[in-house]
Engineer: 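Have a look at this one before I ask anything.
Naming: A, B, ... by sequence-line order, numbering from 1 per chain. When reading the values below, keep in mind they use all heavy atoms of this one structure, side chains included, and skip hydrogens, waters and symmetry mates.
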Number of protein chains: 2
Amino acid sequence: MSATGRRGGATRPARTAPARTKPVRTPSQDVEVALIDAAERVLVRDGPDAVTVRAVAVEAGVAPMGVYNRFGGKDGLVDELLKRGFTGLRDALIARGEIDPGERLFGAGLRYREFALSNRAHYLAMFDDAIHQDVTAPEVMLIARASFDELVGHVRYGMAAGALAEHDPQEVAQQIWSTVHGAVQLEIKGMLLVPDPDRSYRDLLGMLLRGLRA
Amino acid sequence: MSATGRRGGATRPARTAPARTKPVRTPSQDVEVALIDAAERVLVRDGPDAVTVRAVAVEAGVAPMGVYNRFGGKDGLVDELLKRGFTGLRDALIARGEIDPGERLFGAGLRYREFALSNRAHYLAMFDDAIHQDVTAPEVMLIARASFDELVGHVRYGMAAGALAEHDPQEVAQQIWSTVHGAVQLEIKGMLLVPDPDRSYRDLLGMLLRGLRA
DNA sequence: TATAGTTGTAGAACATCGTTCTATCACATT
DNA sequence: AATGTGATAGAACGATGTTCTACAACTATA
């Protein structure tokens with residue numbers, strides 16, 4: 001058991017706290033962003049499997065040890081990728097000023113798929129752990145939660161406007177998320193058994209809103 | 001590039017055709033099922049990551065080479081696991097004699113989740129490729145298709161009975177599949193943000209049927 | 001300015017993985 | 001009884017995540 005090592009402690013050096021004693025010597029943070037950028041580049045260019053410590057280090061022009069010094073291992077680096085992913089997803093879900101509640105939800109739904117298809121590797125890393133990581137940091141989950149809350153907001157808006165039936169907004173948002181995620185995940189994996197995914201997805205959103213409306 | 005070897009040819013020996021010359025010497029098929037059974041045992045007991053060629057061979061009391069002799073590699077063995085998985089899923093979806101179309105669909109939906117939760121490792125291997133395989137054999141896709149067709153049948157039944165709105169049954173079945181898969185996948189991965197998954201899933205099915213009915 | 005300490009680099013090393021190869025051995029058909 | 005097919009054991013290769021050690025470079029202090 002326990003397969004590949006992964007020691008107990010090894011908590012990442014918590015690079016948020018300034019330690020407040022003296023003008024703490026800022027560790028060359030360039031290496032950090034260089035590594036994350038490189039990892040993202042490798043992920044998009046060569047796919048999830050190509051995201052190896054050695055490959056990312058080479059891409060960043062940095063020694064492999066940097067990954068362990070700054071992120072505590074591969075998982076720490078991957079977590080940064082996931083953070084960027086969920087941030088992008090949240091941005092996609094933010095309302096674009098739609099007044100009509102149905103349009104607002106429909107638009108968010110369309111942009112959800114758009115994000116997933118334009119960032120397939122990210123999406124699979126986020127929901128499929130295509131890049132194998134042991135656990136997902138609570139830090140990441142918090143950002144994921146923010147994406148979800150964006151959706152909950154739209155649901156509340158729809159209920160307040162009388163467009164959606166009154167229910168626990170969290171529950172309804174979860175239903176929406178489950179639905180769009182399922183469709184998008186199957187589409188990315190090529191398991192969709194319909195000829196026109198674009199149209200089918202629109203129909204799915206229509207069906208969804210029909211099932212949820214007051 | 002090309003990461004881990006994986007030669008070009010290596011097509012599995014097509015153990016279906018009897019070669020029709022003489023009473024073809026049946027290659028001790030025991031090794032075959034022993035390996036699949038062992039792989040399944042390892043998968044369920046130790047999780048997807050533990051399904052390694054060596055571990056499965058040990059579990060089966062067989063030499064690692066057996067995997068290559070009989071399945072052409074790890075992927076071939078994994079394909080067998082997937083076949084068993086999709087067969088189980090199809091069995092779960094077969095109607096239990098429900099007359100009411102809504103009940104029939106609802107029941108199938110409940111059993112879908114039941115199967116997934118009772119066979120988490122299988123399910124993740126099927127839809128998440130938790131066991132990393134390069135491509136999925138068309139043979140596997142055929143069985144997956146059979147599961148889907150089971151669902152399409154229920155949809156046709158519902159439309160014929162006037163319980164569901166008239167649409168392309170394939171499209172509607174795809175909508176249902178996307179929805180339940182999304183919910184179940186998120187639940188298995190612990191990404192559900194609702195307190196009572198059981199109740200939420202029932203509500204989801206209710207919403208789904210509401211959106212689909214005539 | 002000179003010294004000390006932190007930080008990154010380079011490279012080897014370990015265990016595990018999928019995979020291939022080379023022998024040796026057991027069995028079944030002829 | 002002779003022959004050949006298939007299984008076995010074990011080493012080997014390349015790649016992976018990870019750790020460790022030695023060395024170079026930079027920053028902050030004396």
Side-chain angles (χ1 to χ4, degrees), chain A residues 1-10 12-13 15 19 21-35 38-39 42 46-58 60-78 129 131-135, chain B residues 1-10 12-13 15 19 21-35 39 42 46-58 60-79 129 131-135:
Chain A
M1 61 210 62
S2 83
T4 327
R6 174 145 301 270
R7 299 258 172 299
R12 229 155 321 142
R15 51 205 170 292
T21 57
K22 295 296 171 59
V24 81
R25 171 166 146 154
T26 63
S28 66
Q29 200 177 354
D30 302 345
V31 179
E32 213 150 304
V33 308
L35 275 172
V42 172
D46 306 322
D49 288 350
V51 180
T52 71
V53 173
R54 288 175 176 86
V56 171
V58 168
V62 153
M65 272 306 296
V67 176
Y68 297 89
N69 293 334
R70 312 225 138 264
F71 300 99
K74 189 191 182 186
D75 289 2
L77 180 58
V78 172
D129 55 32
I131 313 174
H132 231 46
Q133 82 253 47
D134 278 7
V135 284
Chain B
M1 58 208 64
S2 86
T4 325
R6 177 145 300 271
R7 298 259 171 297
R12 232 158 311 144
R15 51 203 172 292
T21 57
K22 296 296 172 55
V24 81
R25 165 148 140 186
T26 63
S28 64
Q29 200 177 355
D30 303 343
V31 180
E32 213 150 305
V33 307
L35 274 172
V42 171
D46 305 323
D49 289 350
V51 180
T52 71
V53 174
R54 289 173 176 86
V56 170
V58 168
V62 154
M65 272 306 295
V67 175
Y68 296 89
N69 293 333
R70 311 225 137 266
F71 301 99
K74 189 191 181 185
D75 289 2
L77 180 58
V78 172
D79 282 342
D129 56 30
I131 313 174
H132 232 44
Q133 82 254 47
D134 277 7
V135 284

Engineer: Would you kindly give the CG-to-C1' distance between A:Leu77 and D:dT16, to the nearest whole Å?
Structural biologist: 15 Å

Engineer: Work out which heavy atom in A:Ala63 is nearest to a heavy atom in A:Ala57; give both atom names and the distance.
Structural biologist: C-CB, 3.9 Å

Engineer: Look at the side-chain N and O atoms of B:Asn69 and state whether any lies under 4.0 Å from the OP1 or OP2 oxygen of D:dA7.
Structural biologist: yes

Engineer: Students often get this wrong, so: under 4.0 angstrom with heavy atoms, is A:Val51 touching a base, only sugar-phosphate, or nothing?
Structural biologist: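 It contacts sugar-phosphate atoms only.
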
Engineer: Would you mind telling me which residue lines up with the more 5' stretch of DNA chain D, A:Met65 or A:Ala55, judged by nearest nucleotide?
Structural biologist: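 Residue closer to the 5' terminus by nearest nucleotide: A:Ala55.
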
Engineer: Could you tell me how far apart A:His132 (NE2) and D:dT18 (P) are, to the nearest whole angstrom?
Structural biologist: 12 Å

Engineer: Output the rounded distance in Å from CD (B:Glu32) to P (D:dG6).
Structural biologist: 12 Å

Engineer: Could you check how far CG of B:Asp75 sits from P of C:dT19, rounded to whole Å?
Structural biologist: 6 Å

Engineer: How close do A:Phe71 and A:Leu35 get, counting heavy atoms only, and between which atoms?
Structural biologist: CE1-CD1, 3.8 Å

Engineer: Does B:Arg70 place a side-chain N or O at less than 4.0 Å from the phosphate oxygens OP1/OP2 of D:dG6?
Structural biologist: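 No.
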
Engineer: Taking only residues two or more places apart in sequence or in another chain, which ones pass side chain to side chain contact (heavy atoms under 4.5 Å, CB included) with B:Val53?
Structural biologist: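 Residues passing side chain to side chain contact (heavy atoms under 4.5 Å, CB included) with B:Val53: B:Pro64, B:Val67, B:Tyr68, B:Lys74.
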
Engineer: Of all heavy-atom pairs between A:Ala34 and A:Ala60, which one has the smallest distance, and what is that distance?
Structural biologist: O-CB, 3.7 Å

Engineer: What nucleotide, of D:dA7, C:dG18, D:dT8, holds the atom closest to the side chain of B:Val53?
Structural biologist: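 Nucleotide nearest to B:Val53's side chain: C:dG18.
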
Engineer: Which pair of non-hydrogen atoms, one from A:His132 and one from B:Asp49, has the smallest distance, and what is that distance?
Structural biologist: NE2-OD1, 2.7 Å

Engineer: I need the minimum non-hydrogen distance between A:Gly66 and A:Val62, along with the two atoms involved.
Structural biologist: CA-CG1, 4.5 Å

Engineer: Starting at atom NZ of A:Lys74, determine the distance to atom P of D:dT19, rounded to an integer number of angstrom.
Structural biologist: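 Value for this atom pair: 14 Å.
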
Engineer: Among D:dG6, C:dT7, C:dT20, which is the nearest nucleotide to the side chain of B:Tyr68?
Structural biologist: C:dT20

Engineer: Measure across B:Asp79 and B:Val135 and return the closest heavy-atom pair with its distance rounded to 0.1 Å.
Structural biologist: OD1-O, 4.2 Å

Engineer: Atom pairs, N/O to N/O, protein against nucleotides 13-15 of chain C, distance under 3.5 Å?
Structural biologist:
from   : atom 1 : to      : atom 2 : distance (Å)
C:dA13 : N6     : A:Arg54 : NH2    : 3.3

Engineer: Reckon A:Val67 touches a base, only the sugar-phosphate, or nothing at all at heavy-atom distances under 4.0 Å?
Structural biologist: nothing

Engineer: Figure out the CG/P separation between B:Asp129 and C:dG18, and round it to whole Å.
Structural biologist: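 Those two atoms, CG and P, are 15 Å apart.
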
